[in-house]
Participant: 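Just dropping this structure here.
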Amino acid sequence: LYNSGTLIFLDAINNEIQSSYFLEDLNILSSLNLFDEFIDAPFEFKQHLYFIDKKGLISVFNPISSSILWEVDVNSTINDYLFRDNGHLFVLTNNKVLIFNEEGALIYELIIDIEDPNLLLMNLDKLYIFNNRGINVFDLNSKAKENFIKLKFDGKATLINTPSNIFIKDNKALYKISE
């Protein structure tokens with residue numbers, strides 16, 4: 001955000017301004033409530049921007065045509081999300097993991113019973129949901145909980161993804177994730 005409500009897109013090589021966009025347009029065009037607390041910076045996929053608001057709002061918007069491809073209110077606080085190269089959006093709420101395809105269709109739903117889930121990680125057909133007590137491991141195909149790895153995190157765990165490794169950090173430690 002360059003200033004209140006303005007997105008600026010820069011060329012990654014020479015840092016020249018490519019385009020700019022006013023967020024107020026999204027709120028005017030959206031049939032959902034106001035977007036005001038993004039879980040992360042908007043990101044782009046196939047010329048559409050993905051806006052994810054903590055209070056459960058998702059909008060996929062084309063800033064060039066000012067058209068909304070799809071939008072949804074998941075009716076729950078969004079704690080974390082993942083975005084895959086195939087356009088699938090994984091959303092972690094307090095009691096569910098939802099997967100939307102690139103057209104916005106809900107293609108998967110996993111009901112979870114985990115206190116304060118705050119981080120989501122996926123590897124192959126395994127889904128890892130973190131909370132302050134440890135890591136819950138689910139099989140995506142069977143939707144069954146396979147394992148719980150007890151590990152007390154100090155504060156909220158955050159993901160650090162590098163080309164060769166995946167790390168989880170909390171307020172006191174850095175953990176390397178391995179098979």
Side-chain angles (χ1 to χ4, degrees), residues 30-45 48-61 68-162 165-179:
S30 176
S31 64
L32 301 175
N33 204 345
L34 286 177
F35 286 73
D36 57 8
E37 191 178 356
F38 296 117
I39 195 163
D40 202 356
F43 60 91
E44 187 268 339
F45 179 74
H48 286 86
L49 295 176
Y50 283 67
F51 294 87
I52 304 172
D53 193 282
K54 287 183 180 182
K55 65 180 169 258
L57 309 178
I58 302 168
S59 185
V60 181
F61 182 74
I68 293 175
L69 177 64
W70 63 272
E71 59 184 5
V72 66
D73 182 351
V74 299
N75 296 311
S76 183
T77 300
I78 296 176
N79 299 327
D80 197 18
Y81 75 93
L82 286 174
F83 190 78
R84 306 298 289 191
D85 291 341
N86 62 1
H88 289 180
L89 177 65
F90 291 64
V91 176
L92 174 65
T93 71
N94 290 328
N95 59 359
K96 293 180 186 176
V97 174
L98 306 168
I99 304 175
F100 298 93
N101 68 14
E102 68 179 280
E103 290 85 33
L106 180 63
I107 58 172
Y108 185 88
E109 180 177 38
L110 172 67
I111 308 296
I112 58 172
D113 185 20
I114 300 170
E115 186 177 328
D116 300 323
N118 61 31
L119 183 64
L120 183 64
L121 179 65
M122 189 186 130
N123 187 23
L124 302 172
D125 61 344
K126 303 288 187 240
L127 194 62
Y128 303 86
I129 302 173
F130 294 71
N131 67 3
N132 287 342
R133 291 186 211 18
I135 306 167
N136 299 271
V137 183
F138 290 86
D139 181 278
L140 280 175
N141 298 319
S142 68
K143 296 186 176 184
K145 186 173 182 178
E146 286 190 343
N147 196 3
F148 176 73
I149 302 165
K150 189 174 183 178
L151 185 63
K152 182 147 177 69
F153 291 107
D154 183 20
K156 183 180 178 187
T158 56
L159 180 70
I160 301 170
N161 208 347
T162 68
N165 292 302
I166 298 173
F167 298 94
I168 304 296
K169 77 170 198 69
D170 64 10
N171 292 335
K172 291 188 177 179
L174 181 67
Y175 305 91
K176 181 179 178 183
I177 303 295
S178 64
E179 295 284 329

Participant: For the residue pair F138 and K143, what are the closest heavy atoms and their distance?
Facilitator: CD2-O, 4.3 Å
Participant: Side chain to side chain donor-acceptor pair (under 3.5 Å) for N123 and Y128? Distances and angles first, verdict last.
Facilitator: CA-CA 8 Å; N123 187 23; Y128 303 86; 4.8 Å; no
Participant: What are the two closest heavy atoms between E102 and L69, and how far apart are they?
Facilitator: O-CD2, 3.7 Å
Participant: Not counting sequence neighbours, which residues clear salt bridge (charged side-chain N to carboxylate O under 4.0 Å, His left out) with E115? List them please.
Facilitator: R133
Participant: So do the side chains of L127 and V137 get within less than 4.5 Å of each other, counting heavy atoms only?
Facilitator: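 They are not in side-chain contact.
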Participant: Can you list the steps and then say if I160 with I166 is a side chain to side chain contact (heavy atoms under 4.5 Å, CB included)?
Facilitator: CA-CA 6 Å; I160 301 170; I166 298 173; over 6 Å; no
Participant: Side chains of D80 and N118: donor-acceptor distance under 3.5 Å anywhere?
Facilitator: no
Participant: State which residues pass side-chain contact (heavy atoms from CB on, under 4.5 Å) with E103; sequence neighbours excluded, sorted by chain then number.
Facilitator: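 Here the qualifying residues are N101.
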Participant: Under 3.5 Å, is there a donor-acceptor pair between the side chain of S59 and the main chain of F61?
Facilitator: no
Participant: Using a 3.5 Å distance criterion without hydrogens, assess whether the side chain of Y81 forms a donor-acceptor pair with backbone atoms of L120.
Facilitator: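 Side chain of Y81 to backbone of L120, a donor-acceptor pair under 3.5 Å: no, none is there.
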Participant: Can you tell me how far apart CG (N147) and CD1 (I135) are? Round to the nearest 0.5 Å.
Facilitator: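 Answer rounded to 0.5 Å: 9.5 Å.
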Participant: For the CE atom of M122 and the CD1 atom of I129, what is their distance to the nearest 0.5 Å?
Facilitator: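 Separation between the atoms: 12.0 Å.
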Participant: For F100 and Y108, run side chain to side chain contact (heavy atoms under 4.5 Å, CB included): C-alpha distance rounded to whole Å, both residues' side-chain angles, the deciding distance at 0.1 Å, then the answer.
Facilitator: CA-CA 7 Å; F100 298 93; Y108 185 88; over 6 Å; no
Participant: State whether the side chain of D170 and the backbone N or O of A173 hold a donor-acceptor pair below 3.5 Å, judged by distance alone.
Facilitator: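 Yes, D170 side chain to A173 backbone: donor-acceptor pair under 3.5 Å.
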Participant: Take T158 and L119 through the test side chain to side chain contact (heavy atoms under 4.5 Å, CB included) and record every step on the way to the result.
Facilitator: CA-CA 7 Å; T158 56; L119 183 64; 5.7 Å; no
Participant: Under 30°, 30 to 60°, or over 60°: which ring-plane class applies to F45 and Y50, parallel, tilted or perpendicular?
Facilitator: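 It falls in the perpendicular class, over 60°.
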Participant: When you measure from the centre of the six-membered ring of F153, is the NZ or CZ of K169 closer than 6.0 Å and no more than 45° off the axis?
Facilitator: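 Not satisfied by the 6.0 Å and 45° rule.
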Participant: Centroid-to-centroid, F83 to F43, below 6.0 Å?
Facilitator: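 Ring centroids of F83 and F43 are less than 6.0 Å from each other.
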Participant: Going by heavy atoms in the side chains, are F130 and L151 under 4.5 Å from each other?
Facilitator: no
Participant: Answer yes or no: does atom CG of D113 have more than 12 heavy-atom neighbours from other residues, nucleotides or ligands under 6.0 Å?
Facilitator: no
Participant: Report yes if the side chains of D116 and N132 come closer than 4.5 Å at any heavy-atom pair, otherwise no.
Facilitator: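 With C-beta onward as the side chain, the pair stays apart.
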Participant: Working to the nearest 0.5 Å, report the span between CG of L57 and CG of D73.
Facilitator: 5.0 Å
Participant: What I'd like to find out is whether the side chain of L110 reaches to under 4.5 Å of the side chain of I112, using heavy atoms alone.
Facilitator: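 Heavy-atom side-chain distance check passes, below 4.5 Å.
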Participant: Let me confirm one number: the CZ-CG distance from F90 to L92, rounded to the nearest 0.5 Å.
Facilitator: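 CG of L92 is found 12.0 Å from CZ of F90.
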Participant: With a 4.5 Å heavy-atom cut-off, do I99 and L106 have their side chains touching?
Facilitator: no
Participant: Please evaluate residues K96 and E109 with respect to the criterion salt bridge (Lys or Arg N to Asp or Glu O under 4.0 Å), reporting the C-alpha separation (whole Å), side-chain torsions for both, the decisive distance (0.1 Å), and the verdict.
Facilitator: CA-CA 7 Å; K96 293 180 186 176; E109 180 177 38; 3.0 Å; yes
Participant: Under a 4.5 Å cut-off applied to non-hydrogen side-chain atoms, are V74 and L98 in contact?
Facilitator: yes
Participant: Evaluate the criterion side chain to side chain donor-acceptor pair (under 3.5 Å) for residue pair N94 and N79; output intermediate values, then yes/no.
Facilitator: CA-CA 7 Å; N94 290 328; N79 299 327; 2.9 Å; yes
Participant: Are N136 and K145 close enough that a side-chain donor and a side-chain acceptor fall under 3.5 Å?
Facilitator: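 There is such a pair (donor and acceptor under 3.5 Å, judged by atom type) between the side chains of N136 and K145.
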Participant: Salt-bridged, K126 to E146, with N to O below 4.0 Å?
Facilitator: yes
Participant: How many angstroms lie between CG in L174 and CD1 in I168, if you round to the nearest 0.5 Å?
Facilitator: 9.0 Å
Participant: Working to the nearest 0.5 Å, report the span between CD of E37 and CD1 of I78.
Facilitator: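 Taking CD in E37 and CD1 in I78, the distance rounds to 11.5 Å.
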